[in-house]
Amino acid sequence: MIIKSQNEGILIEDISDFNVAQIFDCGQAFRFKEVEKGIYEGVAHGAYLKVSHVENGVFLWPCDIDAFENIWCNYFDLGTDYGNIKRTLIEIDPFFKRATEFGSGIRILRQDPWEMILSFIISANNNIPRIQGSIEKLSEMFGEPALVPNGTLKYSIPSPERLSSAELSDIRACGVGYRDKYIKKTAEMIVSGVVDINKVLQLTPYEAEETLLTLSGVGKKVADCIMLFGFNYMSAFPVDTWVKKAISKHFLDDSVSLNEIQSFAHGHFGNLSGYAQQYMFYYIREGES
DNA sequence: GGCCAGGAGAAAA
DNA sequence: TTTTCTCATGGC
């Protein structure tokens, strides 16, 4: 991997296991979207970025060396060897030969914990386009405006403080339905200090999950997504309807309970569970007919 | 018009 | 403790 600063951006040459479309379309991030063919745009950790494949690598802009080192290198998890992870998963089960070839450029982003909490509360019994729309509306209504280089306005994810003092009807107007009260109450719990999300990383995976489960609108599956995408506990294995389909088709039988799937994943994939889950999710949703 | 979407929470068994 | 019902909303 070679990093070069040019044209008000960063060019990453000789990068492997990186596919922009797969990274942003595999259901882990909701605020990056394709604005032109092959060009994705979004806001993360309070910064604005465009990403695209170019002839000899991946180009990030607008971005200087400081922003790359402080934000984006970590955000895209560039320090992790995904080739090694894929080889290990294939050794564990040959199913992953197809799944990792299909999603060969997937990476688990390192996202903002609060953004993941808000996003995945909204995700419950919902679909991805609507989740994206709701988050965007919440950001426009309650977030802070940030001027981006092309002159348009982008908005940050609304803070817990702002949402805790918002009217339920205004939150619901963003299309979140009955989840309005979950959002407000969870925001209140974080503002009041009942749950300190800054201390979650000091906890064991079990303690972290127990803590997240006390938040309103956060059950087992949502907690696992927050663990995986917001705090990067790679032992987390979120089981949604798609992963349940994949597991019952390729590994266990049809009538397995969520607990059985969890223990199966933990036993087979261990600390690679989060990676395994993401290759599986992307493959079952977009790869298999 | 019923079913589904990256389910959670409360009631009922 | 486990199972069942209800909860907005839009797309098909």
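As a basis for the values below, the full set of heavy atoms in this structure was taken, side chains included, without hydrogen atoms, waters or symmetry mates. The structure displayed is predicted, hence computed values, not measured ones. Numbers restart at 1 for each chain; the letters A, B, ... are given by sequence-line order, proteins then strands.
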Centroid separation Tyr279(A) to Phe96(A) less than 6.0 Å: no

Lys245(A) side-chain N/O to dA5(B) phosphate OP1/OP2 under 4.0 Å: yes

Span that lies between the C1' atom of dG9(B) and that of dG10(C), in whole angstrom: 23 Å

Sugar-phosphate, base or nothing in reach of Val239(A), heavy atoms under 4.0 Å: nothing

Side chain to side chain, Tyr275(A) and Thr100(A), heavy atoms closer than 4.5 Å: no

Touch class at under 4.0 angstrom, heavy-atom based, for Gly217(A) against every strand present: sugar-phosphate

Touch class at under 4.0 angstrom, heavy-atom based, for Ser216(A) against every strand present: sugar-phosphate

Sugar-phosphate, base or nothing in reach of Cys26(A), heavy atoms under 4.0 Å: base

Salt-bridge present (Glu115(A), Arg31(A); N to O < 4.0 Å): no

Touch class at under 4.0 angstrom, heavy-atom based, for Leu215(A) against every strand present: sugar-phosphate

Closest to the Tyr182(A) side chain, choosing from dA8(C), dG9(B), dG7(B): dG9(B)

No-H, no-angle donor-acceptor pair, Tyr178(A) side chain to dG7(B) base, under 3.5 Å: yes

N or O in side chain of Arg172(A) less than 4.0 angstrom from dA8(C) OP1/OP2: yes

Residue-phosphate contact under 4.0 Å: Thr241(A) side-chain N/O, dC4(B) OP1/OP2: no

Most 5' of Arg130(A) and Ala223(A) on DNA chain B, judged by nearest nucleotide: Arg130(A)

Sugar-phosphate, base or nothing in reach of Arg285(A), heavy atoms under 4.0 Å: sugar-phosphate

From dA5(B), dT9(C), dA8(B), nucleotide with atom closest to Asn127(A) side chain: dA5(B)

